[in-house]
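As the structure is a computational prediction, the values presented were derived from the model and not from experiment.
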Amino acid sequence: MPSPNSSEGSRCGLVLMGGGARAAYQVGVLKGIAEQLPRGARSPFAVVTGTSAGAVSAVALAADAMNFRRAVRSIEGVWREFHVDQVFRADSASMLRSGLHWLAALVTGGTVVQAPHALFDNKPLWELLRRHLDFRHIRRSLKQGGLHAVGISATGYANAESVTYFDSFARIEPWRRAYRRGVRAELSLEHLMASLALPFIFQPVRLADGYYGDGAMRQTSPLGPAFHLGAQRILVIGVGGAGRPLTALPPTLREPSYGQMFGFLLDSLFMDHVEADIERIALYNENLDRSHIDTLIFNPSADLTEIARRHSAELPRTLRILMRIIGAKGDAGTQLLSYLMFERGFTRELIALGVRDVRARAAELRAFVVR
């Protein structure tokens, strides 16, 4: 069953960016795309790549590429019912143990008690993904022709490189560029959790050649992996407000809090490189001797920090206290909260927003994806 997208020059690629809880918006966009396709249709994306939270949806789509709507429905089922305790332990006992551990390490100078591996224990996320994702099905999708290639990006701490682990039955050569490379591998939960390991927040994951963390840290070319894996046109689903001004905060001379600075850091981590990459592709397309690469980007039409502010009371009390301690409160703190808001009120609103955005651009999307 050869894929209709497998011919050279016609492959459509999908790039799913990271963004913590904001990735619920991507689920909404995927749901909107599924509405535009016939029931039982295979995935319109021959190449799928994902980073951080976006890598979760990338794996789920790759594992069930022969039925796109069913794959999206499975992803949505998890995101619609999300709670923080499915991602990391935020109950009072766990937070108290973590706080005491940090205090003991500080008092002893790390000689008697070593510092914790991370701020939060994300074992619940390991268990959630282990239950819902079957990585063996990726090979089935590749064999059946519903998928050409899939890639997950993570960052190596030892060599400071962005590494895209990819799988494909096609003859795709591993690549190496400045601070980024592609490595052929049979994808596993460890690869996915490495891509999700946000620094300081979650513990790094050990792979064959060292420890790895969140894939966005050194990903200077987010669209690069899809291009290397054979995509000739690329749909990007982001989680920011690229191309439009962010909601302005009232001017103040007050020093920014840790929470405000960390929220700004996450914005830089997940959003700053996409627009630059699209500009590079535009320059690439000006060379008439090269094959043309089309791009289409979806970003939220509403301010996700404002949506997070409305749902902030849904977070566990212990987490709200922690956010208040580090200064992530009020308007300045909603930026950080929007990445940690793994609560169904927030995720459901983002899913609905993604569906609306697709419906508003349905003709443009169909012209791009279905050729």
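Under the 4.5 Å side-chain heavy-atom criterion for grouping Ile, Leu, Val, Met, Phe, Trp and Tyr, L229 is not connected to L147 through any hydrophobic cluster. Each of V355 and F368 belongs to its own hydrophobic cluster when Ile, Leu, Val, Met, Phe, Trp and Tyr are linked at side-chain heavy-atom distances under 4.5 angstrom. Note on V47: it does not cluster hydrophobically with F169, by side-chain heavy-atom contacts below 4.5 Å among ILVMFWY residues. L223 and W175 sit in two unconnected hydrophobic clusters of ILVMFWY residues. Membership requires side-chain heavy atoms under 4.5 Å apart, directly or through other members. Note: the hydrophobic cluster containing I237 also contains I75 (ILVMFWY, side chain heavy atoms under 4.5 Å, direct or indirect links).
Annotation: side chain of S43 is not in contact with side chain of L61 (no heavy-atom distance under 4.5 Å). Looking at heavy atoms from C-beta onward, E364 lies in side-chain contact with L296 at the 4.5 angstrom threshold. Using a 4.5 Å cut-off on side-chain heavy atoms (C-beta onward), R181 and P174 make no contact. Contact check for Q26 versus M17: side-chain heavy atoms found under the 4.5 Å cut-off. Put simply, the side chain of V15 does not reach to within 4.5 Å of the side chain of L235, judged on heavy atoms. Between F135 and L192 the shortest side-chain heavy-atom distance falls below 4.5 Å. Residues L196 and D214 form no side-chain contact, since every pair of their non-hydrogen atoms from C-beta on lies 4.5 Å or further apart. Side chains of F346 and L337 form no contact here, defined as non-hydrogen atoms less than 4.5 Å apart.
Within a 6.0 Å radius of CZ in R206, other residues, nucleotides and ligands contribute 12 heavy atoms or fewer.
Between W126 and F88, a ring centre-to-centre spacing not shorter than 6.0 Å is recorded. Between F82 and F342, a ring centre-to-centre spacing shorter than 6.0 Å is recorded.
No side-chain N or O of R218 forms a donor-acceptor pair with one of T155 less than 3.5 Å apart. Under 3.5 Å, the side chains of S153 and T164 contain a donor-acceptor pair of N or O atoms. Side chain to side chain, Q219 and T51 meet the donor-acceptor criterion of an N or O pair below 3.5 Å. Remark: the Y179 side chain and the N159 side chain contain no N/O donor-acceptor pair separated by less than 3.5 Å. No side-chain N or O of Q232 forms a donor-acceptor pair with one of R11 less than 3.5 Å apart.
Within the structure, salt bridge (charged side-chain N to carboxylate O under 4.0 Å, His left out) pairs that include any residue of residues 162-172 comprise R139-D167 (at least two apart or interchain).
Between R69 and E35 there is no salt bridge, since no side-chain nitrogen of the basic residue lies less than 4.0 Å from a carboxylate oxygen of the acidic one. Between E161 and R176 there is a salt bridge, since at least one side-chain N of the basic residue sits less than 4.0 Å from a carboxylate O of the acidic one. Ion pairing between a basic and an acidic side chain is recognised when a charged N comes within 4.0 Å of a carboxylate O; E343 and R348 show no such pairing.
Although no hydrogens or angles enter the test, the distance criterion places no donor-acceptor pair under 3.5 Å between the side chain of S52 and the main chain of G54. Distance alone, capped at 3.5 Å, is enough to place a donor-acceptor pair between the N299 side chain and the G240 backbone. With hydrogens and angles ignored, the 3.5 Å screen pairs no side-chain donor or acceptor of N122 with any backbone N or O of L125. S312 contributes a side-chain N or O that, together with a main-chain N or O of R309, makes up a donor-acceptor pair within less than 3.5 Å. Looking only at distances, no side-chain donor or acceptor of S162 sits under 3.5 Å from a matching main-chain atom of R180. Side chain of Q36 to backbone of R366: no donor-acceptor contact under 3.5 angstrom is found.
Once rounded to the nearest 0.5 Å, the distance linking CG of L16 with CG of L30 reads 6.0 Å. Rounded to the nearest 0.5 angstrom, L187 CG and I138 CD1 are separated by 5.0 Å. Taken from CG in L207 to CE in M193, the straight-line distance is 11.5 Å, to the nearest 0.5 Å. Atom CZ in R42 sits 4.0 Å away from atom CE in M66 (nearest 0.5 Å). Rounded to the nearest 0.5 angstrom, E349 CD and I307 CD1 are separated by 4.5 Å. Put simply, CD1 on I281 and CG on D294 are 10.0 Å apart, with the number rounded to the nearest 0.5 Å.
Geometrically, R184 does not engage F166 in a cation-pi contact defined by less than 6.0 Å to the ring centre and at most 45° from the axis. For the pair R361 and F298, the distance from NZ or CZ to the six-membered ring centre is under 6.0 Å and the angle to the ring normal is within 45 degrees.
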Task: Working for side chain to side chain donor-acceptor pair (under 3.5 Å), residues H83 and Q86 - done: CA-CA 6 Å; H83 293 287; Q86 293 176 297; 5.6 Å; no

- [ ] List the steps, then state whether side chain to side chain contact (heavy atoms under 4.5 Å, CB included) holds for T49 with L14.
- [x] CA-CA 6 Å; T49 65; L14 175 67; over 6 Å; no

TODO: Give the intermediate values and the outcome of side chain to side chain contact (heavy atoms under 4.5 Å, CB included) for residues V236 and T295.
DONE: CA-CA 7 Å; V236 185; T295 59; 5.5 Å; no

Open item on the list: Using side chain to side chain contact (heavy atoms under 4.5 Å, CB included), reason through Y212 and Y157 one step at a time and then give a plain yes or no.
Closed with: CA-CA 6 Å; Y212 283 78; Y157 281 107; 5.6 Å; no

- [ ] Step by step, work out the side chain to side chain contact (heavy atoms under 4.5 Å, CB included) result for T347 and R80.
- [x] CA-CA 6 Å; T347 58; R80 284 185 62 83; 5.8 Å; no

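Contact between L128 and V78 at its shortest, heavy atoms only, is CD2-CG1, 4.1 Å. The minimum heavy-atom distance linking P204 with A197 is given by the pair CA-CB, 4.2 Å. Closest approach of F227 and I234 over heavy atoms only: N-CD1, 4.3 Å. Between L37 and F68, the shortest heavy-atom contact is CD1-CD2, 3.7 Å. In plain terms, the two heavy atoms of S301 and D357 that are nearest each other are OG-OD1, 2.6 Å. Closest heavy-atom contact between A21 and L350: O-CD2, 4.0 Å.
A side chain to side chain contact (heavy atoms under 4.5 Å, CB included) with D134 is found for exactly one of H132, R136, R130, namely R136.
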